[in-house]
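Chain letters run A, B, ... following the sequence lines, proteins first, then strands; residues in each count from 1.
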Amino acid sequence: MNSEDTVKKDFIRDIIDEDLRTNKYDGRVHTRFPPEPNGYLHIGHAKSICLNFGIAEEYGGLCNLRFDDTNPTKEEEEYTRSIIEDVCWLGFDWEDRLFYASDYFDQMYKYAIQLVKDGKAYVDDLSAEKINEYRGTLTQTGRNSPYRDRSVEESLNLLEQMKAGEFADGEKVLRAKIDMAHPNLNMRDPVIYRTLHATHHRTGDKWCIYPMYDWAHGLEDSVEGITHSICTLEFENHRPLYDWFLDALGVYHPQQIEFARLNLTYTIMSKRMLLELVEGRYVNGWDDPRLPTISGMRRRGYSSAAIRNFCKRIGVAKVNSMVDLEFLEHCVREDLNKTAPRFMGVLRPLRVVIENYPEDKVEEMEAINNPEDPGAGTRKVPFSRVIYIEQEDFMEEPPKKFYRLAPGREVRLRYAYFVTCKEAVKDDGRIVELRCTIDPATRGGYAPDGRKVKSTIHWVSVEHAIDAEVRLYDRLFTVNDPAGQKNADFKEFLNPNSLEVLKSCKVEPALGNLKPFDRFQFERLGYFCVDPDITKENLVINKTVGLRDTWAKIRKQQQMNKLDS
RNA sequence: AGCCCUGUAGUGUAGUGGUUAACAUAAGAGACUCUGGAUCUCUAGACACCAGUUCGAAUCUGGUCGGGGCUGCCA
């Protein structure tokens, strides 16, 4: 229950504990979250954000937000904006420490000159293809570039000309002079600067050379005095380089620690693939509620508390793993159960006439707003002679274990009366209306004679109902690992039924007071929230996640058994 | 193939030489209930394998097997 407050130890926190014990960084803990502004943040980033900001919080340290904007061809202002919004919404605060890698471009250039002067870097004239060729392969050592041994003066000169824009894109690069025979490919004279005449969203046309990740990242960490530079596993093989640059420069040296990125079933976590879905209009923008983006989940109705709790509970380790989407949904339900006010809404309406209830009578039934939170109080729900109930709450020929309404059967209308079905009115074989009676003695939902009823169903008064459009979402993909399917495009596994729009839903009048992003529960159905597409005339509601549905499970089992026999 | 990382219930994590190997979730059974929700109880379920060290190994050593990553002027 207090899963939210317990600080769970993991291998990263163990390292920090040890560093604190040995006073490695004078007792400081300083992390950073370094997104590249080339897409929207997703739940995988949330894991990293919670890790970095969480650790800083726990240890009384600091966490910076830093945009790793070293590649102007892919980065945009719009992404920066969204990232700031998302980190904020998740509930983290970088105070005055919002940085950009581009803030350090001058410093990085000076460091590069230092490296050249020390004979540890050189300008290479080889083409990209040639550099590739010279690099060797996994099993074969590389060969030195013919330009590797040119003089420091010449490299210095060339570097200056590169910076001045005197070379075309791709014509020259600055490379570190390490070891072309190194078993780690990353150490075979990696590129430090590439020539690139592109307009940067912050520095404009000031630069026509841009630093490579390996060169830039450690320097950014170093300049900011980061103690623990936490990144994902794919940078493991880059750590020797991270260390080499910092050592070669003789500057402050944070330590890089790698952890396994998050994978979630039935979705994708790759920015490239997300971009493809957005640009190809397979979804409706970065904040489509079916996407695992922070903005998508926010629009879907997920709370930041639920996401934070999820990130805490999945832990952090070095093995690649796949977390069940159900676990995320569990965390969402757990939070919403405690916080979401309840309402009644009918998604697929079935008209019910209560024959023994007066035509013009309206009663205000008292309903509890949230049984999990007594402080949430109560509200009045209007009841009248004609109401809607859910189509699936009635069956003419109920199978075993179906407890809801059926001909001759009595159930409870939540917070109202016991109701008995007298007749199902059909039109062309389709049930269009139910004729029922209530027991006036059961007003409020209790029988004075103590008799029990097998189930309680929700309802909405026809006269008072508000029309609503409800958008139902299912998993975006039909397979649990769409990105990992061999020889297939992930888009082939898109679930064609991931979005279902219900136009004629009927909801209780209190819903009219809600604002976009307000979260609530439709009793017996699930958690929902108001979509920002809402207008004065059109109430638009998103389904966040359904309630646990025992009946659906029974039904499925019954159908399986039927197939077996 | 070379280098690096990594193997604990279905899933995600804990366990750091002595524990009935823990927790969460999922699964199954039951209790309770004006949400077939929530809550509660119970059940089943794991140390990849083989040697070695040791009185004693999930934990240390060696090997085998499995999984992941690396050959962008992306990050």
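Across every strand in view, B:A44 sits unpaired, with no contact that passes the Watson-Crick or G-U test at under 3.5 angstrom. When both pairing distances are held under 3.5 Å, B:A57 makes no Watson-Crick or G-U pair with any nucleotide shown. The partner of B:C73, taking Watson-Crick or G-U wobble pairs whose two distances both stay under 3.5 Å, does not exist in any strand shown. When both pairing distances are held under 3.5 Å, B:A22 makes a Watson-Crick or G-U pair with B:U13.
Between B:A24 and B:G62, the two C1' atoms lie 36 Å apart (nearest whole Å).
Counting only heavy atoms from C-beta on, A:S321 has its side chain closest to B:U13 among B:U13, B:A75, B:G37. Relative to the side chain of A:N337, the nucleotides B:G37, B:C4, B:U25 differ in distance, and B:G37 lies closest. The listed nucleotides are B:U16, B:A14, B:C73; the one nearest the side chain of A:D10 is B:A14. Nearest nucleotide to the side chain of A:V319, out of B:G37, B:U13, B:G36: B:U13. The side chain of A:W551 sits closest to B:G36 out of B:U13, B:G68, B:G36. Ranking B:G37, B:U35, B:U71 by closeness to the A:Q521 side chain, first place goes to B:U35. Candidate nucleotides B:C70, B:A27, B:G36 were compared by shortest atom distance to the side chain of A:K553, and B:A27 ranks first.
Note on A:R404: every side-chain N or O is 4.0 Å or more away from OP1 and OP2 of B:G36. Phosphate contact (OP1/OP2 of B:U25, side-chain N/O of A:H330, threshold under 4.0 Å): present. An OP1 or OP2 oxygen of B:G36 is reached within less than 4.0 angstrom by a side-chain nitrogen or oxygen of A:R524.
Residue ring and nucleobase are stacked for A:Y403 and B:G36, with a centre distance beneath 5.5 angstrom and an angle between planes beneath 30°. By the 5.5 Å and 30° criteria, A:Y213 is not stacked with the base of B:A75.
Environment of CZ in A:R379: crowded, with over 12 heavy atoms of neighbouring residues, nucleotides or ligands closer than 6.0 Å.
Residue A:R333 places no side-chain atom within donor-acceptor reach of the base of B:G37, judged by atom type and a 3.5 Å distance cut-off alone. Side-chain atoms of A:R342 come within donor-acceptor range of the base of B:U35, with a qualifying N/O pair under 3.5 Å.
Side-chain atoms of A:H217 never come within 3.5 Å of backbone atoms of A:D214 as a donor-acceptor pair (strictly under, hydrogens ignored).
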